[in-house]
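Any value given below was found using the heavy atoms of this structure, including those in side chains, with hydrogens, waters and symmetry copies removed. Protein chains get the first letters and strands the later ones, always in sequence-line order, with residue 1 at the start of each.
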Protein chains: 2
Amino acid sequence: MANIQEIADYTGFSKSTVSRVLNQKNYVAPRTRDLIEAAIVKLDYVPNAMAQGLSMGQMHNIGVVLPHNEHPYYTQLINGIMAAAFAANYRIMLLPSNYEAKVELAYLQQLRRKVFDSMIFTSHEISRQTLMTYQKYGPIVVCQDPGCLPIAAAYTARVPSYVAAFEWIKAQGYQHISLLATRASNVSATSKTTFQAYEQVFHQAPEPTLIRTGIRKQQDGYAAAAYFVTQKRPLDFIFANADDVAAGARQYYLEHDLPVPAMMGQENQLSSQLLNMATIDHHLYEVGENAAKLAISGAVRQFRVESEFIVR
Amino acid sequence: MANIQEIADYTGFSKSTVSRVLNQKNYVAPRTRDLIEAAIVKLDYVPNAMAQGLSMGQMHNIGVVLPHNEHPYYTQLINGIMAAAFAANYRIMLLPSNYEAKVELAYLQQLRRKVFDSMIFTSHEISRQTLMTYQKYGPIVVCQDPGCLPIAAAYTARVPSYVAAFEWIKAQGYQHISLLATRASNVSATSKTTFQAYEQVFHQAPEPTLIRTGIRKQQDGYAAAAYFVTQKRPLDFIFANADDVAAGARQYYLEHDLPVPAMMGQENQLSSQLLNMATIDHHLYEVGENAAKLAISGAVRQFRVESEFIVR
DNA sequence: GCTTGACCTAAAACCCGTTTCAGAATTTAT
DNA sequence: ATAAATTCTGAAACGGGTTTTAGGTCAAGC
């Protein structure tokens with residue numbers, strides 16, 4: 001528990017000189033440096049991060065807001081964020097929001113309090129306007145298209161690949177398309193985008209009876225298929241929000257000796273590769289990496305990746 | 001960016017009185033309190049967490065070391081940790097270790113530096129002896145059985161349910177049992193435990209050709225099944241390290257119109273419920289919650305849950 | 001009327017670093 | 001030889017809180 005003062009006292013130099021040795025800056029006589037370094041080793045001194053943080057005004061922490069962590073979207077995003085943050089010697093704090101605006105606001109207060117230097121919203125309930133008012137307290141990065149607003153963002157441009165996918169589905173002659181989504185389109189930008197692309201291609205809204213929300217994992221896909229079958233909702237194509245979800249649906253049909261409808265997934269997970277299934281790769285790991293870089297640099301820039309429709 | 005001094009100046013009281021109002025302790029005249037609270041609202045003041053941390057010696061952060069985050073083991077554990085931490089107003093920092101002792105040591109240094117107050121090792125490469133030498137810098141909780149060592153731990157007692165499961169498998173008459181594991185038994189306590197339980201029941205070591213390691217997700221189970229089939233390794237039971245993994249293996253057999261071997265999974269995920277498959281519930285969410293509670297309280301206690309063999 | 005205790009507040013010390021400023025000792029340039 | 005620039009170091013200020021100490025006011029108890 002030695003502190004910098006003890007090192008100073010022990011060596012006979014001052015705190016400032018010890019600090020200079022620690023930070024390798026300004027002039028320090030080689031002999032002085034050696035003596036102080038020896039003392040640091042001898043007394044097993046490590047600087048106190050809180051004191052450094054207070055003094056320098058930053059803690060090298062990034063707060064990452066995420067609603068839950070059971071969707072591959074978040075898993076891949078987090079992995080990308082972690083990789084980039086780790087590489088830059090930043091740490092990430094996991095901030096569960098459960099899609100609640102009130103909780104998100106509490107986290108923004110923590111940004112003000114300097115609990116972390118910057119934030120990444122993998123998803124946000126709060127309006128972008130509100131987010132902007134907090135930018136003065138630290139970099140805020142969102143993972144959705146912020147439109148023309150001056151907000152740092154790393155996100156995937158989903159529309160082109162969604163349209164391409166629906167064009168392809170239409171060309172194949174499918175007519176009753178089921179949409180599996182994480183959340184309803186009135187609360188989720190992603191779902192909204194999906195639905196809009198659907199309308200753009202098919203010139204009509206998706207069939208409400210073929211929409212299922214609350215879908216995150218393989219098991220949810222399985223349950224959705226079970227629902228369609230038991231409720232007798234005929235369909236010929238399943239557009240899933242993740243490959244694992246599609247795989248789960250497929251599993252249901254196989255297990256019940258039913259004909260498996262055509263389907264596609266998203267995220268280009270291993271399951272779609274194994275099943276030789278069409279998918280959309282949103283390059284989320286890369287999005288995560290760039291979100292972290294923006295959070296660290298503080299640049300109010302937009303990093304946009306084109307998602308990729310993969311036919312197999 | 002108002003600080004406590006500004007509130008003091010604005011109201012004419014001293015820093016200490018403002019601090020007392022903030023922390024609701026000691027005597028403060030009602031009128032004084034009102035005035036100061038009004039000033040806090042007016043100047044939109046929030047205390048600086050780094051200054052508070054430095055002054056009080058803790059940041060209310062818990063560092064959570066995890067090798068990767070793609071296995072349900074970690075997902076459930078993290079969810080439990082997050083829930084308990086969040087409830088107690090603690091935050092968690094995700095510390096990826098990739099099973100590297102050197103990285104873990106770096107994190108222990110961060111504990112000394114007060115980057116976080118306490119640590120949870122969901123898995124650790126470093127010896128328990130080494131961990132113990134760092135206990136003086138803050139609570140350290142492991143998620144494995146620490147034996148009789150005085151280390152705080154929240155973990156699942158796996159042996160009884162493993163033995164019960166193997167007894168059951170044996171009673172059913174299965175003889176060629178495949179074991180799917182996250183890591184090899186010489187580096188993983190969990191795998192070692194599994195193998196030992198196997199030997200205890202079958203009086204012989206598991207068949208090396210039926211062991212697959214590096215298995216984490218559904219897709220890995222699928223790949224393992226593909227391996228057994230293409231390499232012509234006959235087996236009649238698959239003991240998987242997770243339900244999703246078993247589900248993946250099952251999927252492979254179904255897709256290739258092969259007879260599906262008997263199998264069981266672990267973690268009691270939805271997939272095993274849907275497939276009506278035997279499993280072992282390690283109650284990881286609960287383990288995570290208790291790990292967080294130990295990390296927060298600093299009690300050097302052991303929280304042990306019995307895992308539960310579920311026949312379906 | 002005096003002591004005692006409760007109530008209220010401020011000054012100062014403390015937590016532990018970084019950074020600025022200023023001065024002293026050397027070197028280099030002229 | 002002297003002025004100027006460089007190298008080295010320490011004192012002090014600063015970041016922004018909490019806590020201790022101590023002193024003052026006031027009412028209750030004897």
Rounded distance in Å - [atom1] ([X]) to [atom2] ([N]):
X: A:R31; N: C:dT26; atom1: CZ; atom2: P; result: 15 Å
X: A:M56; N: D:dG16; atom1: CE; atom2: C1'; result: 16 Å
X: B:M50; N: D:dG17; atom1: CE; atom2: P; result: 10 Å
X: A:N23; N: C:dC16; atom1: CG; atom2: P; result: 17 Å
X: A:N3; N: C:dT18; atom1: CG; atom2: C1'; result: 14 Å
X: B:Q58; N: D:dT19; atom1: CD; atom2: P; result: 11 Å
X: A:D9; N: C:dC16; atom1: CG; atom2: P; result: 13 Å
X: A:K25; N: C:dG17; atom1: NZ; atom2: P; result: 16 Å

Parallel, tilted or perpendicular: rings of A:H60 and A:Y90 (30°, 60°): parallel
Short side-chain donor-acceptor distance under 3.5 Å, B:Q5 and B:N3: no
Verify the distance criterion only: is there a donor paired with an acceptor across the side chains of A:Y10 and A:K42 at less than 3.5 Å? yes
Flag side-chain contact, heavy atom, 4.5 Å: B:I120 against B:V65: no
Are the side chains of A:M82 and A:I92 in touch, meaning some heavy atoms are under 4.5 Å apart? yes
[X]/[Y] ion pair, N-O < 4.0 Å:
X: A:E104; Y: A:K102; value: no
X: B:E125; Y: B:R183; value: yes
X: A:R158; Y: A:D145; value: no
X: A:E286; Y: A:R304; value: no

N or O in side chain of A:Q5 less than 4.0 angstrom from C:dC16 OP1/OP2: no
Counting only side-chain nitrogens and oxygens, does B:Q52 get under 4.0 Å of the OP1 or OP2 atom of D:dT18? yes
Within the 4.0 Å limit for protein heavy atoms, which parts of nucleotides 6-11 of chain D are touched? Write it as a string from 5' to 3', B for base, S for sugar-phosphate only, - for none. -BBBBB
In residues 37-48 of chain A, what residues come within less than 4.0 Å of DNA chain D, judged by heavy atoms? none
Check every strand shown and say whether B:K114 touches a base, only sugar-phosphate, or nothing at a heavy-atom separation below 4.0 Å. nothing
